[in-house]
K.L.:
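Got a structure here, written out as C-alpha cells. Questions coming.
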Amino acid sequence: MRKPSEYEQHVKIDLHIHSTASDGSLSPLEILNAARDLNLGAIAITDHDTIDGSKDALAAGIPSSLKFLTGVEISAAPPPSFSFSGSMHILGYAVRLDDSDLIHTLDLLQSSRKNRNPQIIDRLNDLGIHVSLNEVLNEAGENGQVGRPHIAQVMIKNGFVKSINEAFDRFLGVGKPAYVDKYRIDSNQVIEIIRGAGGLPVLAHPVLLQLEKDTALEKLIRTLKEMGLKGIEVYYPEHTPEQIAYYAKLADRHDLLVTGGTDFHGSLKPDIMMGTGRGNLHIPYELYEKLIRANS
Ligand code: AMP
Ligand code: ZN
Ligand code: FE
Ligand code: FE
C-alpha cells in the first residue's frame, strides 16, 4: 500500500458541515472562506435534507487551496429487526446535484419538515412556551430547511431557556414533551438514492445511534453494507479515542471507508469549531483522497 505523504497526514479536512441551507449559521460562501482561512485541505457541506448548500458553494467558487465534496445528511429508519433509542443519519458524498430521484426524495423530506415544525410549536405553546412559526421561519432565513435548532434559538431569544442544549434536554429532544417524530425513509432506500446519484453513502456518528452493545453495531454495519453502505464516520467530536479506534477497526474489518467531520453548525452548536471540533480533532487529508479514489 502507498505511504501517505506529509500533506496527506498533516493537513486537516472536515467532511460534516451544516450551512444556512439547513441549520448552520454560516452561508456556504462564509464556510468556504472560513475553511480556506483555517488551511483545511478538503470540506463537504452536508446539510439536512437539502443539497442547496453544496450547490451554492459550487456557484460561489471553491478556493484553489481547497477540495470540495458535495454532500447531504439524511435521517433513516433502522432496518427491520433493529431498534435503538438514538437516530440514524446517513451522509451522502459526491452526489450529483441534478439527480432527479435525489431531488424528488429531498423534496418529500422537506415537505414533511414543513408539517412537523408547526406540530412542535403547537406542543411548546401548550406547555406555555411562546414561540411562533413566523419567528422560527425568520430564524431559519429564506429558503433554509427549518429544524429544531432554529426553534431552540427562538426559545432562547424569548427567554424560556438559556441554551440550545437546555432546549433539547427539556423540550425538543427524543422523548421530551415537545418532541415530534420525523418522517424517515428506510435505510436501504436512503443508501440506494445516494448511490443512484453517483454518491458514497456513509453511516454518520455511530455513537449517536445509542446502541447498547458493540455486537449490535457490528450487526447493523453488516446489514447496511449489504444494502450498499460505503463508509463509516469514524472521526467525530463526540467519539472518544477508544471509540475512534473501535469504529476504525470495524471499517477495516468490513472493508468500509473511513470519514470524519465536526458537524459544524456555527453559532447553532457553539462548542464545535470547523476543522477541529472541540479543539483536538485531526481528520487527515488522506481520508479524502481514499474517498475520491473509491468513487472514481
Ligand atoms: P431536526 O433536523 O429538527 O431533526 O434537528 C436536528 C438537529 O438538532 C441536528 O443538527 C442536531 O445537531 C441537533 N440536535 C439533536 N439533538 C440535540 C441535542 N440533544 N442537543 C443539541 N442539539 C441537538
Ligand atoms: Zn443540524
Ligand atoms: Fe447527524
Ligand atoms: Fe449533521
Side-chain angles (χ1 to χ4, degrees), residues 14-26 31 43-51 53-54 71-77 84-93 106 109-121 123-124 131 133 136-137 139-140 144-156 161-185 187 190 201-210 232-239 259-272 274 277-278 281:
D14 189 340
L15 302 182
H16 192 154
I17 294 176
H18 293 269
S19 79
T20 43
S22 69
D23 53 0
S25 66
L26 298 191
I31 287 170
I43 63 163
I45 293 183
T46 53
D47 280 308
H48 304 280
D49 305 337
T50 175
I51 48 179
S54 291
V72 66
E73 182 174 23
I74 301 177
S75 302
F84 31 80
S85 49
S87 41
M88 185 164 127
H89 293 175
I90 296 186
L91 296 157
Y93 288 118
L106 296 178
L109 291 169
Q110 292 168 13
S111 46
S112 92
R113 267 178 191 278
K114 290 201 180 91
N115 292 329
R116 179 194 189 212
N117 291 314
Q119 293 177 41
I120 298 175
I121 291 166
R123 292 202 176 192
L124 286 172
V131 164
L133 184 59
V136 174
L137 295 177
E139 194 59 47
Q145 287 315 303
V146 183
R148 287 174 291 163
H150 299 118
I151 299 177
Q153 198 81 312
V154 175
M155 290 167 73
I156 298 175
V161 289
K162 293 216 161 45
S163 67
I164 295 200
N165 276 339
E166 186 190 343
F168 274 88
D169 288 348
R170 290 179 55 200
F171 302 104
L172 302 174
V174 181
K176 305 297 167 174
Y179 181 75
V180 175
D181 214 359
K182 186 152 64 178
Y183 165 68
R184 287 164 213 276
I185 318 177
S187 10
V190 174
V202 170
L203 178 65
H205 42 59
V207 74
L208 298 185
L209 296 164
Q210 295 178 14
I232 304 178
E233 187 175 51
V234 167
Y235 294 88
Y236 191 73
E238 315 306 328
H239 292 169
T259 74
T262 61
D263 217 351
F264 176 79
H265 282 72
S267 63
L268 283 104
K269 234 186 189 184
D271 304 343
I272 300 296
M274 192 188 295
R278 294 184 195 281
L281 205 61

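Counting convention: from 1, in listed order, for ligands and their atoms alike.
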K.L.:
Drop me the distance from Phe84's CZ to Leu208's CG, to the nearest 0.5 angstrom.
P.N.:
11.0 Å
K.L.:
Take the Fe ion (ligand 4) as the centre and count protein N, O or S atoms at distances under 2.8 Å.
P.N.:
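Total protein N/O/S atoms under 2.8 Å from the Fe ion (ligand 4): 4.
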K.L.:
Quick one, list the residues around ligand 1 where some non-hydrogen atom comes in under 4.0 Å, by chain and residue number.
P.N.:
Asp23, His48, Arg113, Arg116, Gly147, Arg148, Pro149, Asn165, Phe168, Lys182, His265, Lys269
K.L.:
Walk me through whether Arg116 and Tyr183 qualify under side-chain contact (heavy atoms from CB on, under 4.5 Å).
P.N.:
CA-CA 9 Å; Arg116 179 194 189 212; Tyr183 165 68; over 6 Å; no
K.L.:
In this structure, is the centre-to-centre distance between the rings of His18 and His48 below 6.0 Å?
P.N.:
yes
K.L.:
Do Arg278 and Ile272 come within less than 4.5 Å of each other through their side chains, counting heavy atoms only?
P.N.:
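Yes - at least one pair of side-chain heavy atoms lies under 4.5 Å apart.
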K.L.:
Is there side-chain contact between Glu238 and His205, with at least one heavy-atom pair below 4.5 Å?
P.N.:
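SC-SC contact between Glu238 and His205 ruled out.
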K.L.:
Would you compute the distance between atom CZ of Arg184 and atom CD1 of Ile90 and round it to the nearest 0.5 angstrom?
P.N.:
11.5 Å
K.L.:
How about Leu91 and Glu233: do any of their side-chain heavy atoms sit closer than 4.5 Å?
P.N.:
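A side-chain contact under 4.5 Å exists here.
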K.L.:
Should Leu172 and Met155 count as side-chain neighbours, where that means a heavy-atom distance under 4.5 Å?
P.N.:
yes
K.L.:
Is a salt bridge present between Asp169 and Lys176, judged by a nitrogen-to-oxygen distance below 4.0 Å?
P.N.:
no
